[in-house]
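Down below is the structure, laid out as structure tokens.
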2 protein chains.
Amino acid sequence: MKTNSCDCGTCRHKLCAQRVPIFSGLNEEELSHVADLIQRRQYLKGEIIQLEGSDADCLTIINQGKVKAFRYTQEGKEQILYLFSEGDFFGESNLFGGKEAAYHAEALEQTSICMIARNDFQELVRRYPEISLKIIGALCTRLERLETTIQNMGTRSVEGRISSVLLEFAEKYGVKGSKGILITLPFSREGMASYIGIARETISRKLTLLQDAGIIEMVGNKRILLLNEEALRRELD
Amino acid sequence: MKTNSCDCGTCRHKLCAQRVPIFSGLNEEELSHVADLIQRRQYLKGEIIQLEGSDADCLTIINQGKVKAFRYTQEGKEQILYLFSEGDFFGESNLFGGKEAAYHAEALEQTSICMIARNDFQELVRRYPEISLKIIGALCTRLERLETTIQNMGTRSVEGRISSVLLEFAEKYGVKGSKGILITLPFSREGMASYIGIARETISRKLTLLQDAGIIEMVGNKRILLLNEEALRRELD
DNA sequence: TAAAAACTGTGACCGGGATCATAATTTCAT
DNA sequence: ATGAAATTATGATCCCGGTCACAGTTTTTA
């Protein structure tokens, strides 16, 4: 088991600050300053990190693990908005909009996060303006993703949406093997359905079809072997 | 007819810079500096301001008018992503992500815009860090809107989506009268359908139902009188 | 102001995906 | 390893909204 956490109490989470894109570009001394302000926390799978509507006033950066951000529709269905991984952050709207948390956040596996309080962060931004440029860049990327998601949902081609999610996971979590790309899914079927915005049964059926077509191969419930990436790409509408 | 444009050539668009939230917080002299960098342009209804995929490298701020941002799905259907009004801006991803334009932008009526070139803007941000905080705030707001849109689209309750759009327009463009709120719609039915992500015929039918229920009253094609706001709010899922 | 063009409303029909029910499978705990 | 619990697959049915067709209206243009 590799130890990529730092509990020595001396380095003051410099590791965490270093690996976060937001702070790339800062030098050693500046990073040290940032690290002073960081508070770290650990969560187990299934634990809630943030409650929608709460007024947590800190920026949360994911150091290790995966986090899903979601809301409940009035019918009680869960709608997943984001899947955050190492280096991603959330809670920015708490800081800048001054509003309450826009969604629930739940650890999908053992997860360690870094938190920076609102006031500390605002000061950081003033002292190191490049940070805000990085944040703007990250927000733009996120906007683009949502824009594409909306475009896809509007199109209503369920096959296309499933293909696009599989490709996304392949890129983020896939491992190339001799037969194809082995994807360890971050979600159960239920989760994937909620991420895509369709019913669980539907995704089961479509995945079966993809398997019958020889494009994928399901390995247990949590892994999918992508045999024919090109074919999947052609499904994208 | 009120004259809220400035063509004197002397004030150098200070008006424009002033009314834009991004630059609120700057003083007279700073605004003047900003105004120096601004280039102004006019568009008629239907004219294209930005082409998806083009590498326009400037931030565009809407001074007056309305602009729709949209993409085409592979089936050729138009999907409207944003409706921008006075004070809104777009093109930020061109500046920060360094990528190409993420969508088409078209004037919905006579529209005047202010443009700032990439380099000029980057310099502005460095000189006045508050600007980037304002931008981050605006991006967060936009993200929240998209998040809600996605949540709505996932829910697939068409009634709810229509109600939410009507309420949005009522707030932005509504005028209170004795009988209710008179909304001048920024879109045709086609446009509303594309904004919501449903078929034109469906929105016609649903609006007729709402009218039969006494909740709204259609006034010609371009206006809707909102008689019972509460009832509409209850439709929101 | 009249004709043309664009937009909107409505009926008929159809299909994809939601829902419900149940069986099969996988995962987990002991 | 084995039974229990959770997850997934699959069949049957239903219904909402898309699509097509066409009529009615509004808006534009000359």
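Numbered from 1 within each chain, the chains take letters A, B, ... in sequence-line order. What you see below is based on every heavy atom in this structure, not just the backbone, and it leaves out hydrogens, waters and symmetry mates.
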What about [X], does its side chain sit under 3.5 Å from the base of [N] through a donor-acceptor pair?
X: B:R189; N: D:dT26; value: no
X: B:E190; N: C:dC7; value: no
X: B:R223; N: D:dT26; value: no
X: A:R205; N: C:dG16; value: no

Want to settle it: does B:T202 or A:A199 sit nearer the 5' end of DNA chain C, counting the closest nucleotide to each?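 Residue closer to the 5' terminus by nearest nucleotide: B:T202.
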
Quickly work out the [X] [atom1] to [N] [atom2] distance and round it to whole Å.
X: B:L209; N: C:dG9; atom1: CG; atom2: C1'; value: 12 Å
X: A:R200; N: D:dG11; atom1: CZ; atom2: P; value: 15 Å
X: B:D212; N: C:dG9; atom1: CG; atom2: P; value: 12 Å
X: A:R161; N: C:dA18; atom1: CZ; atom2: C1'; value: 13 Å
X: A:K222; N: D:dA6; atom1: NZ; atom2: P; value: 14 Å
X: B:Q211; N: C:dT8; atom1: CD; atom2: P; value: 14 Å
X: B:L210; N: C:dT8; atom1: CG; atom2: P; value: 17 Å
X: B:I198; N: D:dT19; atom1: CD1; atom2: P; value: 12 Å

Does C:dT10 have OP1 or OP2 sitting under 4.0 Å from an N or O in the side chain of B:T208? yes

OP1 or OP2 of C:dG17 less than 4.0 angstrom from a side-chain nitrogen or oxygen of A:K206, does that happen here?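 A:K206 to C:dG17 OP1/OP2: side-chain N or O found under 4.0 Å.
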
Taking [X] first and then [Y], would you say they form a salt bridge - that is, a charged N and a carboxylate O separated by under 4.0 Å?
X: B:E78; Y: B:K68; result: yes
X: B:E235; Y: B:K206; result: no
X: B:E92; Y: B:R142; result: yes

Is there a donor-acceptor contact under 3.5 Å linking the side chains of B:Y82 and A:E147? yes

Answer with yes or no whether the side chains of B:Q151 and A:Y103 bring together a donor and an acceptor at under 3.5 Å. no

[X] side chain, from C-beta outward: closest of [options]:
X: A:S204; options: C:dC20, D:dT8, D:dG17; result: D:dT8
X: B:E201; options: C:dT8, D:dC20, D:dG18; result: D:dC20
X: A:N221; options: C:dC7, D:dT7, D:dT10; result: D:dT7
X: B:E159; options: D:dG18, C:dA18, D:dG17; result: D:dG17

Answer with base, sugar-phosphate or nothing: what part of the nucleic acid does A:M192 contact at a heavy-atom distance below 4.0 Å? nothing

Any base atoms under 4.0 Å from A:L207, or only sugar-phosphate, or nothing? Heavy atoms, all strands.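 Since no nucleic acid heavy atom lies under 4.0 Å of A:L207, the category is nothing.
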
Take B:K45 and B:G197, find for each the nucleotide of DNA chain D with the closest heavy atom, and name the residue whose nucleotide sits nearer the 5' end. B:G197

Of B:E106, B:E109, B:E86, which is the lone residue that meets salt bridge (Lys or Arg N to Asp or Glu O under 4.0 Å) with B:K66?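 The salt bridge (Lys or Arg N to Asp or Glu O under 4.0 Å) with B:K66 is passed solely by B:E109 among B:E106, B:E109, B:E86.
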
